[in-house]
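Notes for the one structure printed next.
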There are 2 protein chains.
Amino acid sequence: MTGDRRPGRPRSEATRRAILAAAIDELTERGYAQLSVEGIAARAGAGKQTIYRWWPSKADVVLDAMLDEAASLIAVPDEGSLAADLAGFLVDTFRQRGQRPVLVGLMAEALLDPVFAVQFRDRFLFGRRDALRTVLARAADRGEIAADVDPEMLLDIVFGVLWYRLLLDHAPLDEEAGRQLATLVVRAAR
Amino acid sequence: MTGDRRPGRPRSEATRRAILAAAIDELTERGYAQLSVEGIAARAGAGKQTIYRWWPSKADVVLDAMLDEAASLIAVPDEGSLAADLAGFLVDTFRQRGQRPVLVGLMAEALLDPVFAVQFRDRFLFGRRDALRTVLARAADRGEIAADVDPEMLLDIVFGVLWYRLLLDHAPLDEEAGRQLATLVVRAAR
DNA sequence: TCAATTCGATACGAACCGTCTCGATACTAA
DNA sequence: TTAGTATCGAGACGGTTCGTATCGAATTGA
């Protein structure tokens, strides 16, 4: 790779991190609706153009920031049974506190901007989906999933409940809920 | 009631309908992200102030428009079995075509504006949720739902999958999907 | 030394926001 | 008929954010 051997001033890693941190801070303090590129630049001590040079939109900044700090902690449990794996996956997912404002903001942006929606799906949503798909495939090999059950529908049930509760905030998203959901999915799969 | 016996020029029903229709037309033609109060007013041949006098935000206009034309077609099937009732409810729901842009726009707005989120939940989401809760209550009376199963979690499974597929648009939301989901829920409930 | 590139900063036009004002219109009450 | 009241369409207004363009300074490789 000759990527970082080009002439000219190199990209500032310090500024990059300052922008990502400023985006998360602004988002959690004032909410996604109040988030602006100008606000991020001001808090980061950077120019607007520096942001637009590297990210197509503020949503991409937030997505990068989240992926950076989450470091893709997609654990793929393998406890030997679908019930244990599912419960582990859900409890592990629900344990991540304080991410709701970020996730809700990213989803809102994805609903409004089809271009960003692709980024959001490919770089975040489908990653976690693939992890759970692996879990289901192992369960199918063990005969825990009936032949007439579409694994994709099971995936949609798990992530559907997860996102529905996250977005509406009408019911808890805790370990108890995780165990409940895991039990029902195991039963549905037969 | 003396409500429509006040002094002064009465509210124009024609203008009200023109605004609601203009909102839906603008939304479906250009998308929710491009929807503006100025655009609605221009297309409706109305003044901006006329919109702001009756609705707090553009999202409330869209919500009113949708509730107006949908006329709250919340059917509560009663076929004698949970399987049949669920399949009926889902197939009936999925049959409503062309509503995706409207629903996605309303959800996006609800995620960004907590005040509107309350309107959205109370005037739309909870209405359909109540209908399905009635279906589940009857099934419970018939002994089709195990005692250890929380009906609220079953509701979240149904609406979770519905909204997850609607928002992400990664899998079909057709009658086949409805039957599949109904089968799984019946199994989960035992 | 020189060309290339990024940096922070700021100016710019465009769009839309929500408020306000205007004269015209349509209704009630006296 | 007249006075009072509320709505109507239209548009001006200041404010905010957008995304682009431009500036001189800073930092690199050749």
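Residue numbers begin at 1 in each chain, while the letters A, B, ... track the order of the sequences.
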> With a 4.0 Å cut-off, would you call B:Arg43 and B:Glu29 a salt bridge?
Replying inline: yes
>> Has B:Arg121 got a side-chain atom pairing as donor or acceptor with A:Leu168's backbone, closer than 3.5 angstrom?
In response: yes
>> Heavy-atom nearest nucleotide on DNA chain D for B:Arg9 versus A:Gln34: which residue maps closer to 5'?
In response: B:Arg9
> What class does the angle between the rings of B:Phe159 and A:Tyr164 fall in, given that below 30° is parallel, 30 to 60° is tilted and above 60° is perpendicular?
Replying inline: parallel
>> Rounding to an integer number of Å, can you tell me how far A:Ile19 CD1 sits from C:dA9 C1'?
In response: 14 Å
> What are the residues of residues 35-54 of chain A, sorted by number, that bring a heavy atom to within less than 4.0 Å of DNA chain C?
Replying inline: A:Gly45, A:Ala46, A:Gly47, A:Gln49, A:Thr50, A:Arg53, A:Trp54
>> Hydrogens and angles aside, do B:Arg128 and B:Thr93 bring a side-chain donor and acceptor to less than 3.5 Å of each other?
In response: yes
> Phosphate oxygens OP1/OP2 of D:dG9: is one of them under 4.0 Å from a side-chain N or O of B:Thr15?
Replying inline: yes
> Is B:Glu152 salt-bridged to B:Arg129, going by a charged N under 4.0 Å from an acidic O?
Replying inline: yes
> Roughly, in whole Å, what's the span from CH2 in B:Trp55 to P in D:dT7?
Replying inline: 13 Å
> So how far is it from B:Leu82 CG to B:Leu86 CG, rounded to the nearest 0.5 Å?
Replying inline: 4.5 Å
> What integer distance in Å separates B:Arg6:CZ from D:dG4:C1'?
Replying inline: 14 Å
